[in-house]
**Student:** 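Encoded as structure tokens, here's the structure I'll be asking about.
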There are 2 protein chains.
Amino acid sequence: MSKGEETRQAILDEAFSMASCVGVGGLSIGALAERTHMSKSGLFAHFGSKEELQLAVLRESQQRFADIVLRPAFRQPRGLTRLRAIVLNWLDWTREACLPGGCVIMAAAAEFDDQPGPLREEVKNGLLAMRRTLAETIAKAIETGELRPDTDIDQFAFELEGIYQVTQQSRRLLDDPDADRRALIAFDRLVRDNAVLKEKE
Amino acid sequence: MSKGEETRQAILDEAFSMASCVGVGGLSIGALAERTHMSKSGLFAHFGSKEELQLAVLRESQQRFADIVLRPAFRQPRGLTRLRAIVLNWLDWTREACLPGGCVIMAAAAEFDDQPGPLREEVKNGLLAMRRTLAETIAKAIETGELRPDTDIDQFAFELEGIYQVTQQSRRLLDDPDADRRALIAFDRLVRDNAVLKEKE
DNA sequence: GACAATATAGTACGACCGTTCGTATTAGTC
DNA sequence: GACTAATACGAACGGTCGTACTATATTGTC
């Protein structure tokens with residue numbers, strides 16, 4: 001790893017945690033330079049434009065998300081076990097990734113949803129990929145016979161996303177201590193409604 | 001209505017639709033002055049500070065929300081009918097209120113959730129009020145015998161919020177044409193799981 | 001219509017923004 | 001150790017930001 005890549009990564013590390021607090025749009029090169037003990041121009045040279053920096057932060061976020069949330073969950077056996085692992089890691093990932101200001105990607109989604117450009121596309125693709133990953137995992141839980149074959153996979157993923165979003169909001173804005181518990185209740189209900197019928201107990 | 005109040009309202013109208021696109025934090029006095037054909041200082045005098053302007057926009061949003069979403073729904077009979085009316089109006093309100101850039105309040109919620117100050121408090125109180133309204137409406141649906149007495153009211157409201165949030169995101173960022181349909185499916189499932197058991201059909 | 005109160009405009013300010021440029025320093029290679 | 005390319009710095013630019021102050025125009029009241 002050359003010196004350049006090294007500092008570039010160091011900048012991204014700082015930018016990542018900074019973006020958690022002020023949003024990807026709220027990043028400023030001056031402030032970032034200060035926190036990395038660099039000159040504005042020296043830092044700037046690594047990216048060429050602010051937008052390129054923002055894109056790099058988004059990509060960094062997605063990679064960390066994959067490392068922290070998805071990869072460990074995919075070591076679990078396919079089916080509901082794995083799906084549940086994703087949900088648990090997901091709910092926990094802002095803590096795990098040291099994101100003092102919440103999930104960078106979700107914040108960016110709200111920020112750029114009506115501002116056409118590369119940033120919007122990047123966020124959109126990231127979220128679509130997440131939906132796809134969820135869908136595949138759900139499909140495997142059908143294969144294992146845990147969920148009913150007529151389960152609406154995309155609907156399932158859709159509702160899962162909703163649970164995640166409201167949990168974040170409840171935790172961060174409303175300071176609701178029950179948010180995580182509620183998220184799991186909602187998840188269990190979602191699973192139960194799509195599970196194959198067991199013997200009546 | 002004095003001249004002052006009149007122009008103040010005109011400014012707020014413009015600021016409201018502007019905030020829909022760039023967010024409450026993205027409002028700028030210069031740009032707003034241009035769009036209202038006023039001088040920066042003339043406009044500024046109506047609010048005294050940018051934060052005061054932002055607060056006014058948030059209050060304006062809440063009032064419009066009440067007018068467009070809640071008030072009409074409360075003309076429906078209490079119970080599930082009214083609850084469903086709220087949901088329908090809610091899903092529709094960004095169109096109804098001419099919000100080209102989506103729900104101002106939700107965007108502000110994501111924007112200010114980690115930035116202490118009056119703006120955060122205003123958004124927080126607004127969302128808490130919404131949860132309370134939902135809870136009351138759900139409670140009435142229990143009274144009418146449509147929902148089970150052991151329905152977890154706050155859980156119900158929690159999940160409803162989640163449905164709304166993911167719908168907004170799916171519509172606006174992912175350009176998903178099925179978002180509204182999915183929202184209603186999720187709502188119906190939520191109702192069904194809490195409904196009093198009917199004769200087996 | 002005079003007068004006070006209110007409302008608007010004009011100008012200027014200091015701070016920060018992203019970006020450019022020329023130059024100094026440092027790292028990697030022979 | 002010399003030479004080159006990569007890397008970092010400092011200063012400056014044009015712009016926009018929110019805000020303060022002063023002066024002019026407009027409004028509402030007697």
Side-chain angles (χ1 to χ4, degrees), chain A residues 1-16 18-19 21-60 107-108 111-112 115-120 122, chain B residues 1-60 107-108 111-112 115-120 122:
Chain A
M1 203 182 196
S2 76
K3 179 82 202 310
E5 300 175 49
E6 209 168 289
T7 55
R8 191 191 142 102
Q9 190 56 50
I11 294 170
L12 278 181
D13 287 349
E14 196 61 44
F16 178 67
M18 196 170 166
C21 292
V22 296
V24 171
L27 284 173
S28 104
I29 294 182
L32 193 51
E34 210 166 315
R35 287 184 40 167
T36 50
H37 308 289
M38 290 184 68
S39 65
K40 266 170 63 175
S41 52
L43 187 150
F44 184 83
H46 282 274
F47 301 94
S49 77
K50 182 179 180 182
E51 195 174 58
E52 221 33 75
L53 164 67
Q54 293 173 307
L55 278 172
V57 170
L58 285 178
R59 293 196 199 100
E60 176 78 17
E111 208 174 347
F112 298 115
Q115 303 188 24
L119 293 172
R120 192 191 115 108
E122 186 69 31
Chain B
M1 202 182 195
S2 77
K3 180 82 202 314
E5 300 174 52
E6 208 168 290
T7 56
R8 191 190 141 104
Q9 190 56 48
I11 294 170
L12 278 181
D13 287 349
E14 195 61 43
F16 177 68
S17 90
M18 196 169 164
S20 162
C21 293
V22 297
V24 172
L27 284 174
S28 104
I29 295 182
L32 194 51
E34 210 166 316
R35 287 182 42 165
T36 50
H37 308 288
M38 290 186 66
S39 66
K40 266 171 68 175
S41 53
L43 187 149
F44 184 82
H46 283 274
F47 301 94
S49 77
K50 181 179 181 181
E51 196 173 56
E52 223 30 78
L53 165 67
Q54 293 172 309
L55 278 172
V57 170
L58 285 177
R59 292 197 199 99
E60 176 77 17
E111 209 174 347
F112 298 115
Q115 305 188 27
L119 292 172
R120 193 190 114 108
E122 185 68 30

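Throughout, protein chains are lettered first and strands after them, A, B, ... in sequence-line order, and every chain is numbered starting at 1.
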**Student:** Starting at the 5' end of nucleotides 13-30 of chain D, put B wherever the base has a protein heavy atom under 4.0 Å, S where only the sugar-phosphate does, and a dash everywhere else.
**Tutor:** ----SBBB----------
**Student:** From A/E52 CD over to A/L119 CG, what is the distance, rounded to the nearest 0.5 angstrom?
**Tutor:** 9.0 Å
**Student:** Run the side-chain contact (heavy atoms from CB on, under 4.5 Å) test on B/E60 and B/D13 for me, step by step, so that the C-alpha distance in whole Å, both residues' side-chain angles and the decisive distance to 0.1 Å come before the verdict.
**Tutor:** CA-CA 8 Å; B/E60 176 77 17; B/D13 287 349; 4.0 Å; yes
**Student:** Can you confirm whether B/Q9 sits close enough to B/E6 that some side-chain heavy atom of one is under 4.5 Å from a side-chain heavy atom of the other?
**Tutor:** no
**Student:** Quick one, B/V57 and B/F47 - any side-chain contact, counting heavy atoms below 4.5 Å?
**Tutor:** no
**Student:** Please report the interatomic distance CD1(A/I29) to OG(A/S39), rounded to the nearest 0.5 Å.
**Tutor:** 11.0 Å
**Student:** Using a cut-off of less than 4.0 Å, is there contact between a side-chain N or O of A/H46 and OP1 or OP2 of D/dA8?
**Tutor:** yes
**Student:** Heavy atoms of chain B, cut-off under 4.0 Å: which first and last nucleotide of DNA chain C, 5' to 3', fall inside that, if you could look?
**Tutor:** C/dA7 to C/dG10
**Student:** Is a side-chain N or O of B/E122 found less than 3.5 angstrom from the main chain of B/L58, in a donor-acceptor match?
**Tutor:** no
**Student:** For A/A45, answer base if it contacts any base atom (sugar-phosphate contacts may also be present), sugar-phosphate if it contacts only those atoms, and nothing otherwise; contact means non-hydrogen atoms under 4.0 Å.
**Tutor:** nothing
**Student:** Please name the pair of heavy atoms, one in B/L43 and one in B/I11, separated by the smallest distance, quoted to 0.1 Å.
**Tutor:** CG-CD1, 3.8 Å
**Student:** Within a 6.0 Å radius of atom CD on A/E34, are there more than 12 heavy atoms belonging to other residues, nucleotides or ligands?
**Tutor:** no
